[in-house]
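Structure first, commentary second.
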Amino acid sequence: MAVSTEPPPGPEAELPEQMRVRRAKRAEMLAEGRDPYPVAVPRTHTLREVRAAHPELGPDTSTGDLVGVSGRVMFLRNTGKLCFATLREGDGTELQAMLSLALVGAEELARWKSTVDLGDHVFVHGEVITSRRGELSVMADSWDMAAKAVRPLPTVHNELSEETRVRQRYVDLIVRPQAREMVQARATVVRSLRSTLHDRSYTEVETPMLQLQHGGATARPFVTHANALDTDLYLRIAPELFLKRCVVGGIERVFEINRNFRNEGIDSSHSPEFAMLEAYQAYATYADMATLTRELVQASARAVFGSTVVRHADGSEHDLGGEWRTVTLHDAVSEVVGQDVTLDTPIEDLRKLAATHDVELKDSWAAGEIVLELFEKLVEHTLLAPTFVKDYPVEVRPLTRRHRSEPRLAESWDLTVFGFELATAYSELVDPVEQRDRLYAQSLLAAAGDVEAMQVDEDFLRAMEYGMPPTGGMGMGIDRLLMTLTGLGIRETILYPLVRAE
RNA sequence: GCGCCGUUAGCUCAAUUGGCAGAGCAGCUGGCUCUUAACCAGCGGGUUCGGGGUUCGAGUCCCUGACGGCGCACCA
């Protein structure tokens with residue numbers, strides 16, 4: 001084998017051909033004294049502004065308007081003496097640029113052809129015209145690089161693989177309009193939620209995400225460490241206990257929109273970090289919170305779609321308008337199994353029912369837990385229209401106030417839409433003595449090894465002892481609200497979902 | 001955590017029983033003054049996810065690891 005006279009292969013030599021070519025073009029520009037990354041370009045109009053100023057021009061028209069525009073090159077069509085490029089700016093607006101030999105001269109035209117690649121940001125100055133085909137364009141009298149891309153854009157005409165979309169969301173945003181739309185939809189929804197709550201005299205607060213004790217939900221937390229305090233801290237699984245402290249303190253309508261962290265399974269509807277709205281209202285009950293929740297969701301739909309009719313990615317339309325169905329847990333199960341299931345149904349009958357429907361049960365389960373399991377396995381996925389499922393057995397809502405007329409039930413509901421849980425609410429437990437008993441029971445579970453059980457938060461109990469007014473509380477997943485509105489998976493609604501290291 | 005499927009050019013994907021790794025777009029060279037995923041002619045581009053094995057010969061078969069998808073379990 002001959003000895004190579006080439007320099008030893010370095011990182012440059014190992015780059016794909018297309019990246020070497022683009023880096024060479026960048027180097028060429030520098031060698032010619034041209035900056036491939038100028039600090040500014042003399043832009044006078046956005047592409048959108050140019051389009052807005054000339055909405056209806058016929059083919060082959062000159063306007064006399066001189067503009068300086070810039071954008072990312074999305075398509076290139078070079079002929080011998082006339083070049084076309086489609087420029088695009090951040091909001092997706094596109095405008096054609098044209099460069100002709102007659103106007104820019106041979107040297108500048110050649111420089112365009114040899115240095116501009118798909119994906120580059122370019123600046124073009126010239127007259128606003130329409131082409132013979134009627135395409136609104138800027139006919140260049142000069143052009144410059146605004147920012148050279150050294151990595152090739154993926155083919156615009158193929159769908160990116162789901163993994164690339166998630167891992168390289170910036171590329172997804174460049175090539176896929178729906179990705180940009182999701183970002184806007186999410187921002188619109190969050191703005192709408194805040195607006196609806198502010199209209200109802202709610203106060204927004206921010207409570208700790210790093211907590212000494214985790215509570216407010218049953219879930220496995222992430223653990224981290226504070227060096228200054230030499231103590232372990234938990235990333236919060238819910239803001240609930242701090243928001244309730246706010247209610248004790250007199251912030252009688254309070255909400256927070258922020259991230260929770262749960263160290264649990266990851267799938268198409270679960271992310272380890274997820275955005276949540278929690279709202280608490282003094283002198284409200286779970287029924288009031290149902291009305292609030294419906295209004296929040298419907299206002300969000302109107303903010304995004306201009307109507308309560310939501311359009312899913314598959315093209316289907318669903319109307320979330322009007323009143324929503326409310327059904328008790330037991331009635332929901334009764335309907336689907338075709339026989340009456342009530343609080344008085346003997347546990348043996350429930351077990352038989354589970355067996356007939358191939359629902360596996362744990363031996364330790366009480367009647368309420370079996371009914372809930374029947375609901376989750378047989379009913380939940382069938383509830384497509386928004387449905388409040390209410391009045392859960394106390395066994396499965398250990399921290400909730402008892403129902404005012406049936407002590408075996410808790411005043412709580414889950415809102416199910418398109419087969420998954422979107423929100424949950426309670427008439428909150430405010431008796432500090434009972435609260436202490438229940439948290440103590442949880443702590444015994446924790447001591448016995450239940451990683452999801454709550455700890456006894458003495459400061460929270462102290463707050464409760466000062467007296468918390470009757471209060472309704474509600475929690476809603478923001479990501480899931482976006483899923484409800486768009487029909488997409490949770491990883492599509494989160495800009496940068498957690499992914500394993502490459 | 002368990003099971004099944006997958007990973008091939010910059011991107012999206014092919015490759016028959018184990019027998020010369022291909023296509024479209026993108027790139028490079030040349031041509032073209034009205035293109036719209038332009039067109040015409042030509043050319044280059046690969047650690048077939050990593051490691052090990054079987055075989056005359058492995059993208060293909062076996063073992064192992066990484067990553068991903070789906071299902072189950074857990075959960076909102």
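So that the names make sense, note that chain A is the first sequence line, chain B the second, and so on, each numbered from 1. Everything quoted here is computed from the prediction, not taken from an experiment.
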[X] has a side chain; which of [options] sits nearest to it?
| X | options | result |
| --- | --- | --- |
| A:Leu160 | B:A76, B:C25, B:C11 | B:C11 |
| A:Pro154 | B:C28, B:U33, B:C11 | B:C11 |
| A:Glu135 | B:A76, B:U12, B:U36 | B:U36 |
| A:Asp117 | B:C28, B:U33, B:A38 | B:C28 |
| A:Arg480 | B:A76, B:G68, B:G10 | B:A76 |
| A:Thr155 | B:G27, B:U36, B:C11 | B:C11 |

Given the [atom1] atoms of [N] and [M], what is the spacing between them in whole Å?
| N | M | atom1 | value |
| --- | --- | --- | --- |
| B:C70 | B:A26 | P | 31 Å |
| B:U8 | B:U60 | C1' | 12 Å |
| B:U7 | B:G59 | P | 14 Å |
| B:G44 | B:G22 | P | 12 Å |
| B:A21 | B:A41 | C1' | 26 Å |

Counting only heavy atoms not in A:Glu32, do more than 12 sit closer than 6.0 Å to its CD atom?
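Correct, the count exceeds 12.
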Could you tell me the Watson-Crick or G-U partner of [N], where both distances fall under 3.5 Å? Say none if there is no partner.
| N | value |
| --- | --- |
| B:G3 | B:C70 |
| B:U8 | none |
| B:G42 | B:C28 |
| B:C49 | B:G65 |
| B:G22 | B:C13 |
| B:U33 | none |
| B:A58 | none |

Closest-nucleotide 5' rank along RNA chain B - winner of A:Glu17 and A:Leu76:
A:Leu76
Residue closer to the 5' end of RNA chain B, A:Asn158 versus A:Asp60 (nearest nucleotide):
A:Asn158
OP1, OP2 of B:G69 versus side-chain N and O of A:Arg491: anything below 4.0 Å?
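For B:G69, OP1 or OP2 has a side-chain N or O of A:Arg491 closer than 4.0 Å.
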Show the numbers, then the answer: is there a side chain to side chain contact (heavy atoms under 4.5 Å, CB included) between A:Leu118 and A:Met74?
CA-CA 6 Å; A:Leu118 288 178; A:Met74 296 308 293; 5.8 Å; no
Atom-to-atom span, [atom1] of [X] to [atom2] of [N] - whole angstrom:
| X | N | atom1 | atom2 | result |
| --- | --- | --- | --- | --- |
| A:Glu240 | B:A76 | CD | P | 12 Å |
| A:Asn78 | B:A26 | CG | P | 12 Å |
| A:Lys25 | B:U29 | NZ | C1' | 12 Å |

I'd like to know if A:Glu28 pairs up with A:Arg34 as an ion pair, taking the criterion as any Lys NZ or Arg NE/NH1/NH2 lying under 4.0 Å from an Asp or Glu carboxylate oxygen.
no
A:Thr400 and A:Glu411: which non-hydrogen atoms are nearest, and at how many Å?
CG2-O, 3.7 Å
Evaluate the ring planes of A:Trp324 and A:Phe388, with Trp represented by its six-membered ring, and classify them as parallel (under 30°), tilted (30 to 60°) or perpendicular (over 60°).
tilted
Among A:Leu374, A:Asp414, A:Val389, which residue satisfies the side-chain contact (heavy atoms from CB on, under 4.5 Å) criterion with A:Leu329?
A:Val389
A:Phe420-B:A76 aromatic stacking (under 5.5 Å, under 30°)
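Here A:Phe420 fails the 5.5 Å or the 30° condition.
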Give a yes or no on whether a donor-acceptor pair under 3.5 Å exists between the nucleobase atoms of B:A76, that is its base, and the side chain of A:Glu421.
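No such pair is found, so the answer is no.
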